[in-house]
Amino acid sequence: MTASSTRPVPAPSAPRTTEAHTPAAAPDPTTPCAPSYHRLTGLTPTLSVRCAPPPSGDGWLTAADLAERPAAVRDLVAVDARQGLARYGRPLRPDVAAGFGLHRAVWPLSLLFTVPWFLERRVPLLGPGDVALRRGNAAVELTVRPAAFVCLPDDPAAASPATAAATAPAARTAAVRTVAVRTAPDETALAAELRCALGAFLDPLLAAFRPQVRRGPRVLWAMATDAVVEGLCYAGGLLGEPERARAELSALLAPDDPAPADRAPADRAPAGPAPAHAPGAPGRPAPAPAPFTPGAGFATPAPGRGGAPGAPSGGGAPDATARARASCCLVYTAAPEDMCAGCPRVTRG
């Protein structure tokens, strides 16, 4: 994960094994998206993903906890406030600490959706109760339990609308649950499913953080867009496919074509019944990439004021993950010299 919510994504490093980071156990082949989560866990010691029911206590929070309990959000933000004080030697503004906390939640959570799409062309359909996280000083642990996913027609799972997944495969009498499978007709439709599923998952989290972050919906979704892009860009680098990650993120978040004649205006409902399933339902799909900010931002950003680690500077070549951010994380309020090279306060004058 990034060192702070503002600095460019660190340059990918080779997978390594340490006492604190040992190879993950082989994934359960019956659990949807488990191979992707297994590969992600094996690449970096800063993030661990297990396919398991959400734990409780001992620092674990489900996404539902964050969405439904304001105290859980305040506790998470308090951690970022303490870390900010230790790092910068001065208290962070409350809204800045909350922005860091939001970034450090969305960054790993979004990978639960984007990495299976990137590696397997599967989009897990996760609810707030299906995911739990625990943040440490230098790493994040996640548990996830997909109950449904969307895939392409050539996926082996597409032949059946449901598949059985053993929740305890080593047990003599394993508990078995049914995982729903739905197909998207093509890559474009699958990308729309990803935006829809991830957007629906993040929406209550952004609403929960809004009173602390003190920003409106447009800025919150810009912050979420930055976290999503930076997360998959970093993972793509670790996987040895940084250029594909950039290209696919650019396509995923590309602005939609001008509204065709048969698309209803955004401020009025379309005539006639909606399709049985459409990302963005009820009604017709929202123009891509709603609700995310259009564009992945992979244009060479302007040089930053202070040269944060990994940022392009002077006439040198830009970092492989450099981009123009959609939002400002306000780190300059604590350390002006740490202004991101891709901050919109720089790139937009």
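Worth saying up front: this structure is predicted, and the values here are computed from it rather than measured.
Residues Pro124 and Ala197 share a closest heavy-atom pair of O-CB, 4.1 Å. The two residues Pro153 and Ala158 make their nearest non-hydrogen contact at O-CB, 3.5 Å. Closest approach of Ala105 to Pro108, counting heavy atoms only: O-CD, 3.2 Å. Across all non-hydrogen atoms, the minimal contact from Gln83 to Gly136 is NE2-O, 4.4 Å. When every heavy atom of Pro32 is checked against every heavy atom of Arg122, the shortest pair comes out as CA-NH1, 4.5 Å. Residues Gly99 and Val213 share a closest heavy-atom pair of N-CG2, 4.0 Å.
Contact annotation: the side chain of Arg323 never approaches that of Arg246 to less than 4.5 Å [non-hydrogen atoms, C-beta and beyond]. Using a 4.5 Å heavy-atom cutoff, the side chains of Leu239 and Arg39 are in contact. In this structure the side chain of Val106 never reaches within 4.5 angstrom of the side chain of Met223, judged on heavy atoms. Using a 4.5 Å heavy-atom threshold, the side chains of Phe100 and Val331 count as touching. Put simply, the side chain of Val79 does not reach to within 4.5 Å of the side chain of Arg104, judged on heavy atoms. Using a 4.5 Å heavy-atom cutoff, the side chains of Ser48 and Val140 are not in contact. Side-chain contact between Ser36 and Trp117: absent, with no pair of heavy atoms (C-beta onward) separated by less than 4.5 Å. A 4.5 Å side-chain heavy-atom check between Val123 and Phe149 finds every atom pair outside the cut-off.
Taking CD of Glu248 as the start and CZ of Phe118 as the end, the distance is 5.5 Å to the nearest 0.5 Å. Rounded to the nearest 0.5 Å, atoms OH (Tyr88) and OG1 (Thr333) are 8.5 Å apart. Rounded to the nearest 0.5 Å, atoms CG (Leu112) and CZ (Phe201) are 7.0 Å apart. Rounded to the nearest 0.5 angstrom, Asp226 CG and Thr293 OG1 are separated by 7.5 Å. One distance of note links CD of Glu68 with CG of Leu205; it measures 10.5 Å at 0.5 Å rounding. The OG atom of Ser56 lies 9.0 Å from the CG atom of Asp65; values are rounded to the nearest 0.5 Å.
Side chain of Asp130 to backbone of Gly127: a donor-acceptor contact under 3.5 angstrom is found.
Electrostatic pairing of Arg121 and Asp154 does not count as a salt bridge here, judged by no charged N lying under 4.0 Å from a carboxylate O. Residues Arg135 and Asp80 are paired through a salt bridge, judged by an N-O separation under 4.0 Å between the basic side chain and the carboxylate. With salt bridges taken as basic N to acidic carboxylate O contacts below 4.0 Å, none links Glu141 and Arg50.
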For the pair Phe298 and Cys233, evaluate side chain to side chain contact (heavy atoms under 4.5 Å, CB included) and give the outcome as yes or no after the intermediate values.
CA-CA 10 Å; Phe298 291 119; Cys233 189; 4.0 Å; yes

Test side chain to side chain contact (heavy atoms under 4.5 Å, CB included) on Leu76 and Phe209; report intermediate values, then the result.
CA-CA 10 Å; Leu76 202 64; Phe209 272 87; 4.0 Å; yes

Would Leu47 and Leu142 satisfy side chain to side chain contact (heavy atoms under 4.5 Å, CB included), going step by step from the backbone distance to the final call?
CA-CA 8 Å; Leu47 182 62; Leu142 298 172; 4.0 Å; yes

Stepwise, does the side chain to side chain contact (heavy atoms under 4.5 Å, CB included) test hold for Val115 with Leu232?
CA-CA 7 Å; Val115 169; Leu232 186 58; 4.2 Å; yes

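Of the residues Leu133, Leu102, Asp75, the one that meets the side chain to side chain contact (heavy atoms under 4.5 Å, CB included) test with Leu66 is Leu133.
Residues Trp60 and Leu109 do not share a hydrophobic cluster, defined by chaining ILVMFWY side chains whose heavy atoms lie under 4.5 Å apart.
At least one test fails for Arg218 against the ring of Trp221: distance under 6.0 Å to the centre or angle within 45° of the axis. Relative to the six-membered ring of Phe292, Arg195 misses at least one condition, a distance below 6.0 Å or an angle of at most 45° to the axis.
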